[in-house]
Amino acid sequence: MEGSTPTKDLSELQSTMRAIEYACSSIQTSIVIPAMLVMHINPGASEAVILSLGQSSQPYETCEFILENSQVATARFQAAAAIREAAIREWAFLSANAKRNLISFCLIYIMKRASSPDFYVQAKVSSVTAQLMKRGWLEFMAGEMVVFFNQVNQAVVGSHGIDMQFAGIKVLESLVSEFSPSTSSAMGLPREFHEQCRRSFEKDYLKEFYRLTQEAASRLTKKIIESDSVVPEAKVCTAALDLMLQILNWDFRSNTSDTKKNVNVFSAGVRQDGDSLKRSECHLVQPGSDWRDVLILSGHVGWLLSFYAALRLKFSCEGYWLDCPIAVSARKLVVQFCSLTGPVFLSDYGKIHEQHLLQLLSGIMGWVDPPDAVSKTIENGKSDSEFLDGCRALLAIASVTTPHDFDSLLKSMRPIGTLTFLSMLMSEVIKVLMTSNTEEETWSWEARDVLLDTWTAILTPINTINVNALLPSEGIKAAANLFSFIVECELRLASATAFNDEGDSDYLHASVSAMDERLSCYALIARASIDVTIPLLTRVFSERVARLNQQSRKGRGIIDLTETLEELYSLLLIIGHVIADEGEGELPLVPNTIQTQFVVDVVEADKHPVILLSSSIIKFAEQCLSPEMRASFFSPRLLESIIWFLARWSRTYLMSSDGIGEKILDSGHHHENSSKKTLLCFFGEHSQGKLVLDIIVRIAFITLTSYPGEKDLQNSWHELATSFSTEKTLILLDTAHQRSLAQTLVRSASGMRNSDMSNQYVRNLMGPIATYIVEISSKSNVRSIAQQPDILLTVSCMLERLRGAASASEPRTQKAIYELGFSVMNPILVLLEVYKHESAVVYLLLKFVVDWVDGQITYLEAQETAAVVDFCMRLLQLYSSHNIGKISLSLSSSLLSEAKTDKYKDLRALLQLLSNLCSKDMIDFSSDSIEAQGTNISQVVYFGLHMVTPLISMELLKYPKLCHDYFSLLSHILEVYPETFAQLNSEAFSHILGTLDFGLHHQDADVVSKCLRALQALASYHYKETSNGNIGLGAHTLGLKDSTGNVQEGLLSRFLRSLLQLLLFEDYSLDIVSVAADALLPLILCEQGLFQILGNELIERQPNPTLKCRLANALHKLASGNQLSSSLDRINYQRFRKNLNSFLVEVRGFLRTM
Amino acid sequence: MSDEEHHFDSHADAGASKTYPQQAGTIRKNGYIVIKSRPCKVVEVSTSKTGKHGHAKCHFVAIDIFNGKKLEDIVPSSHNCDVPHVNRTDYQLIDISEDGFVSLLTENGNTKDDLRLPTDDALLSQIKDGFAEGKDLVVSVMSAMGEEQICALKDIGPKN
């Protein structure tokens, strides 16, 4: 301990210990028997006692005393926690000796008490040790660390007995997890620190630890295998296996430089993580080449496999079973070894890697082979974990090899390739899944998902590589068999579950998206053998349609069609996935295999399998146009899948790529591809395209009119409508999807030949709607009729349409949409007045204006801008006059909270409106400057903000989105227009400052950093202006006396004070420190005098002379260290960030001590 | 007789029907609906299906706009529902009488004295307190299906 702290006497230590013990046990009993406790102690008080131990200055002696002497385990636990808390906080001013003593005390403690039954105390102390070692990692000499590690290593090797060995392994485990960035604990230090520690740990220690553990484990195994019952060695060995697994999970990075030089051919097939590892986690293990001796050359894998094999024989013995900890850990390690790849293998064309995988595979095959026998034993009650681990190992192997290598692995020991085996395995799993068919997730579920991932890992490149190059022919055959089995099973499942009725109301949608992932994987498998699967699908589909026609002829009342309908439903989903991609916002191409795998005669295009399949589906869909057919078998669910299919299909095939395809051909970059060309031509504009489009549009129209209540259908239709934007004449329909419909229709104007036509089209389309709005608002009795439900409904619909149209603004149609909005400006104000109590309509009105302004503002000429801005201000004024001081009265609390939500949505819309106006100053495409008309956006926005702010109560700021929007707008305008801010009147000014102050103490770091940015803008503006001899923020920065005679500080002094207070004494996220530095620097520069005073105050308040001195130095360094100058340039900001960081690390520890 | 009829027509409310039919599928959250002959505001709409290949039904959860009671209804989405005609009118508050009635100033200068104060204490005090403080209050009166109630009040500055 440091000399300044006097050694406490025994009685004092004992009394503290007793207090802590008492507090600990009372908290514990409060959980068990709360009634007893309430009588005596308040749990809050006990908690405070425990907390105070960690918060007091230098509590180490007391803690150590408690650890060594207390009989209460929780008290020891708390003491360890207190050591950690205090030491991390005070680390900067502990003497080197004290630090060393603390670590060595902890280590010795763990070793001495290795046999203690209280595991959690041991675990806590070892984690504290690890954290302390990490905290001092960069300052200790290497030699000092070696002393500590020797202690641990001795224990791990086993020279002090089993218990110490276990404790040693646990310490290493804590160290590894502490040094791994994802599991490290916060220490109030910058990320660079953690990164440095990680690097040095990986370089110097990790491999050594692994080697030690491995040796320890292999020494233990003999005893375990030889003994007939459970021996304590098993526990230690399990811990060792877990530690090895943990080390292999380390995110190896040191090897990145030499991987580039030393590319392993065998691992060239390794895909990027994002690609192949979608669902199941499969972490690729890629240590550097220096790990080769430990992992590969030492025969380590062979030892592991034979150990597990020996364990398997013991499963019949007492104490061992398939899921006993040691077996589980061993299997996990085996799976982990399967995903080993990268420079650790020699670049010898993958021979060593292949050997390695072969060895593993031969061990794993016993877990899963033969599939039917294994699955039968599992169904008979054997544990499924070994089987599942086998599947996971296959997944791991698949993700580190190319499909060819993957397939040939098994051939050296079996007559079949791995892919064939995988197909058999998966068929078996699906078979079990079908027969069990329960709601719960069974092992077969999980196995199927893992195996599907395996297929995905193997087949993902199919979209870019020719199948024949990717897979061996046997593999293609295996995929074909598997797919036809999948289709068979899915159909059986569909008819079996046709009558299941999920209570879930949005089941329809959920079912599509939940199955989506599985279906995309099926599609990959299907595409591997596309020339077989397409005809198969065509055949199955035609069969079902024929059955449907037959059955319906017999009469609907007699035979229930539901099973066939459900089969068709799932077939359509499968086919849709197989023949077309989703595109995810991009234009999807014809799938690669469909392009390459068919050799087609252009003349006989209609014989192309894909065309045959598509045509038969379209022909089937066309039947829904007849009312009788619709009534007899087109259920909403079936039609939904049809529409979904058509949408997906037409995005790829229908007319869309025609023009683009030709362009690519012209530019000469495109290999002529007969299959693709045939397909696209067939459904192109000059062939069947128009006909098919017409059919689809009519289906869509029918869908919208005949199934009015079916919202799900209409959603699908909207997708369809966007997928072809060339349709010119569509009648407006009365549906709930007004907005998206209008948006789609207006968007379709972009398909017109020139901008005049587009604008005319929009005028024709939207004119009647605007006219309706104008007319209704100009009626003399608008007030009374507006409230009628039918009028209300129509007005809402029309407004939704306007909003849809406004959000579809494009440069081409901008003019027409501007005119549209301009014509309804006044009507909108009238409606806002009329519907002021109808919150839903108010919101619609506001949103329309928001979207309209958003789409228009950048294009507007000066005069137009002036009109729009004026309109927006009138709108704001009107809204604010309706809502200021309004109180809703209702008996129902849910109606009241609805009213609050409505208000929140309105305000958010208004803030968006202001932000949109702001953007005019950023992006402007108009021909002249808006200043010409005397419009000053900044004044307008401030004025708007001034009107909106009073409506925003503190309660409303609890809505995170609103809060976020508000502060973004505020920080934006303060950054961009500080000069306008300076001219505000004092009321508006102080209001904004008040909210800034509120925001600074908000718990959301994002809001805080926005406020800091605003502060930085203000202070730096003032500083720059005043150094140029201007007044800057002028009078606002001076203190003034308010009406009651109290002196109020100027704004900069006020924020300097509160920012320092925040940084030094309050809790905040470390992420804001650099933004805070950027704000603090100009504040200090503006208010140097005050900064001096505040600094002196801080120093004076510190009683301890050592700390006083440290604080003074730190403050001095903060303000002038690192060659800080008094200019506000980038370099200076950077320097100050560094200064502030080290300042906080230096002083926060003791300033926050109680 | 004919005079009276004429008089009726010019009066905006009296001739209008109390409810309108509207397809259930088009009624959305925050809209109005009649459930069990009570005018309600919809706070939740969900759709469900009878069987996989059946037709949709709408499930409404709504709150009586006058007494705040929660009501529920299930209607096939293509069927019609009754939608109440909900009207709101602003009046300036002139007086609160001892017997629990308010006196309101209408737009054309007459007074309306037939409206009772709410019976709920919390609501009552919100109105009474504001009035007692001498604020100039405008109250919004909501009416539907023959019932009336004060639904909001707004401070338009101190009484002169």
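To find a chain, count down the sequence lines: A is the first, B the second, and so on, and within it residues start at 1. Since we're looking at a predicted model, the values are computed, not measured.
- Contact annotation for A/S893: neither backbone nor side-chain heavy atoms come within less than 4.5 Å of a heavy atom of chain B.
- Interface residue B/V86: only backbone heavy atoms are found under 4.5 Å from chain A.
- Scanning all heavy atoms of the two residues, the minimum distance from B/Q22 to A/L793 falls at NE2-CD1, 3.2 Å.
- For chain A, the option among B/K41, B/K154, B/M142 with the highest count of heavy-atom pairs below 4.5 Å is B/K154.
- If you measure heavy-atom distances from B/K70 to chain A, you find no contacts under 4.5 Å at all.
- Scored by the side-chain contact (heavy atoms from CB on, under 4.5 Å) test, A/D790 finds A/Q788, B/Y20 as partners (sequence neighbours excluded).
- Of all non-hydrogen atoms in B/H85 and A/S784, the two that sit nearest each other are NE2-O, 4.3 Å.
- Proximity to chain A is limited to the backbone of B/F66, based on heavy atoms less than 4.5 angstrom apart.
- For the atom pair OG1 of B/T89 and NE2 of A/H837, the computed distance is 8.0 Å after rounding to the nearest 0.5 Å.
- No part of B/P21 comes within reach of chain A, as not one of its non-hydrogen atoms sits under 4.5 angstrom from that chain.
- The stretch residues 894-906 of chain A places A/S894, A/L895, A/E898, A/D902 near chain B, each with some heavy atom under 4.5 Å from a heavy atom of that chain.
- Chain B forms the most heavy-atom pairs under 4.5 Å with one residue out of A/Q787, A/E838, A/H882, and that residue is A/Q787.
- The number of heavy atoms from other shown groups lying within 6.0 Å of CD (B/E147) is above 12.
- Shown here for B/P84 and A/P789, the closest heavy-atom pair between the two residues is O-CG, 3.1 Å.
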